[in-house]
Amino acid sequence: MGLRFTTRASDSPWVDTVWTCTSEQVTQMTSVATAHWGLVFWTQKGRAYAAVSGPETGAGVAPVPEDATFVGIEFSLGTSLRVVPTPALVDAGAELPDATARTFRLDGARWETPGPDDAEALVDRLVRWGAVVRDPLVTEVRRGACPSVSTRTVERRFRAATGLTQGAVRQIERAREAAALLAGGLAVPDVVGRLAYFDEPHLARSLQRYVGRTARQLREGAGGAIALDLVQPATS
């Protein structure tokens with residue numbers, strides 16, 4: 001019982017991942033830091049809901065609608081909603097009004113509520129409408145390109161587009177990768193070496209800050225419900 005996640009990557013340049021989740025006999029979870037904003041749709045007791053989720057700068061405890069089914073879209077870094085700058089969503093979010101099982105309202109229009117296989121089609125429509133936009137400079141930087149502007153300009157535009165600094169994004173992404181490796185059975189020293197942490201205490205502090213778990217909890221699948229798709233190693 002708890003949260004059961006499935007996550008898939010997307011071939012859309014506008015989408016990072018698409019996820020689904022069901023909650024069973026759980027009312028709260030450990031929320032995990034993320035650099036991405038997203039759209040979340042869920043049903044509970046026959047009622048439908050929709051919300052915009054923002055980037056989260058640290059782990060915390062969050063309520064969970066019990067016995068609910070979720071579909072989520074995590075957008076690529078550098079994208080944003082036309083009507084809400086991503087910095088305004090950091091460590092926040094907003095429920096969208098007038099959601100039904102079939103539609104939701106966003107940016108002055110009504111859209112069809114997606115299933116997990118319809119996420120990219122919805123995003124394509126949002127992009128054509130102009131509801132979702134992006135700063136191409138962030139995409140260039142993420143691909144390792146060297147833009148023909150100053151470092152200060154890059155950092156300013158990166159933060160304006162994502163709500164986070166490049167350094168914060170790297171730390172969050174590294175901690176999430178560390179959590180996945182530990183949950184998959186990799187030993188702590190190997191995670192430290194692979195992800196270039198200074199030492200084991202450095203890794204421990206990062207996990208606590210961004211994931212809300214210890215290495216041992218991640219390896220054992222302990223600590224309760226967590227908002228992260230972690231595949232536990234098989235045990236004999």
Side-chain angles (χ1 to χ4, degrees), residues 7-20 31-41 50-57 70-97 99 103-177 210 227 229:
T7 305
R8 67 170 175 83
S10 175
D11 58 4
S12 167
W14 297 84
V15 178
D16 185 65
T17 57
V18 178
W19 57 270
T20 61
S31 63
V32 178
T34 177
H36 301 270
W37 70 278
L39 293 175
V40 185
F41 309 91
V52 180
S53 62
E56 296 184 38
T57 58
F70 303 80
V71 174
I73 304 171
E74 295 283 305
F75 284 78
S76 299
L77 285 177
T79 64
S80 61
L81 285 170
R82 175 172 58 182
V83 294
V84 184
T86 303
L89 294 171
V90 174
D91 292 325
E95 188 170 330
L96 298 174
T103 64
F104 68 100
R105 184 173 293 280
L106 178 66
D107 196 16
R110 187 162 284 280
W111 308 90
E112 185 176 348
T113 301
D117 297 327
D118 306 318
E120 285 83 0
L122 168 65
V123 173
D124 284 346
R125 292 193 293 272
L126 292 171
V127 170
R128 290 196 299 270
W129 177 265
V132 175
V133 297
R134 68 178 169 190
D135 186 339
L137 179 66
V138 176
T139 303
E140 291 181 34
V141 170
R142 294 285 291 175
R143 291 175 177 170
C146 296
S148 58
V149 294
S150 70
T151 301
R152 180 177 295 181
T153 297
V154 169
E155 190 59 49
R156 176 179 56 79
R157 286 178 57 177
F158 192 97
R159 188 159 193 166
T162 68
L164 303 169
T165 65
Q166 293 186 71
V169 169
R170 286 192 292 267
Q171 291 180 59
I172 290 169
E173 291 180 337
R174 181 166 63 165
R176 291 172 66 96
E177 184 177 358
Y210 297 114
D229 184 8

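Values reported hereafter were calculated over all heavy atoms of this structure, with side chains retained and with hydrogens, waters and symmetry mates removed. Note that the coordinates shown come from a computational prediction; the quantities given were computed from them, not determined experimentally.
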Contact list for residues 119-138, test salt bridge (Lys or Arg N to Asp or Glu O under 4.0 Å), sequence neighbours left out: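 For residues 119-138: Arg8-Glu120, Asp135-Arg157.
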Can you sort out the partners of [X] under side-chain contact (heavy atoms from CB on, under 4.5 Å), two or more places apart, ordered by chain and number?
X      : answer
Arg152 : Ser150
Arg159 : Thr165
Val133 : Ser80
Thr57  : Val90, Asp91, Leu164

In chain order, what residues pass the salt bridge (Lys or Arg N to Asp or Glu O under 4.0 Å) check against [X], with sequence neighbours excluded?
X      : answer
Glu177 : none
Asp118 : none
Arg170 : none
Glu74  : none

Those residues that, when tested against Tyr210, pass ring pair (Phe, Tyr, Trp, His ring centres under 6.0 Å) (two or more places apart):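 So Tyr210 forms no ring pair (Phe, Tyr, Trp, His ring centres under 6.0 Å) with any residue.
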Non-neighbouring partners of Trp14 that pass ring pair (Phe, Tyr, Trp, His ring centres under 6.0 Å), sequence neighbours left out: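 Once residues adjacent in sequence are excluded, Trp14 has no partner under the ring pair (Phe, Tyr, Trp, His ring centres under 6.0 Å) criterion.
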Ser76 side chain to Val15 backbone, donor-acceptor under 3.5 Å: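 Yes.
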Summary of ring-ring contact (aromatic ring centres under 6.0 Å, His included) pairs that have at least one residue in residues 118-166, sequence neighbours excluded: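 Those involving residues 118-166 are Trp111-Trp129.
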Atom CD of Glu112 with >12 non-hydrogen neighbours under 6.0 angstrom: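 No, CD of Glu112 has 12 or fewer neighbouring heavy atoms, counting only those of other groups under 6.0 Å.
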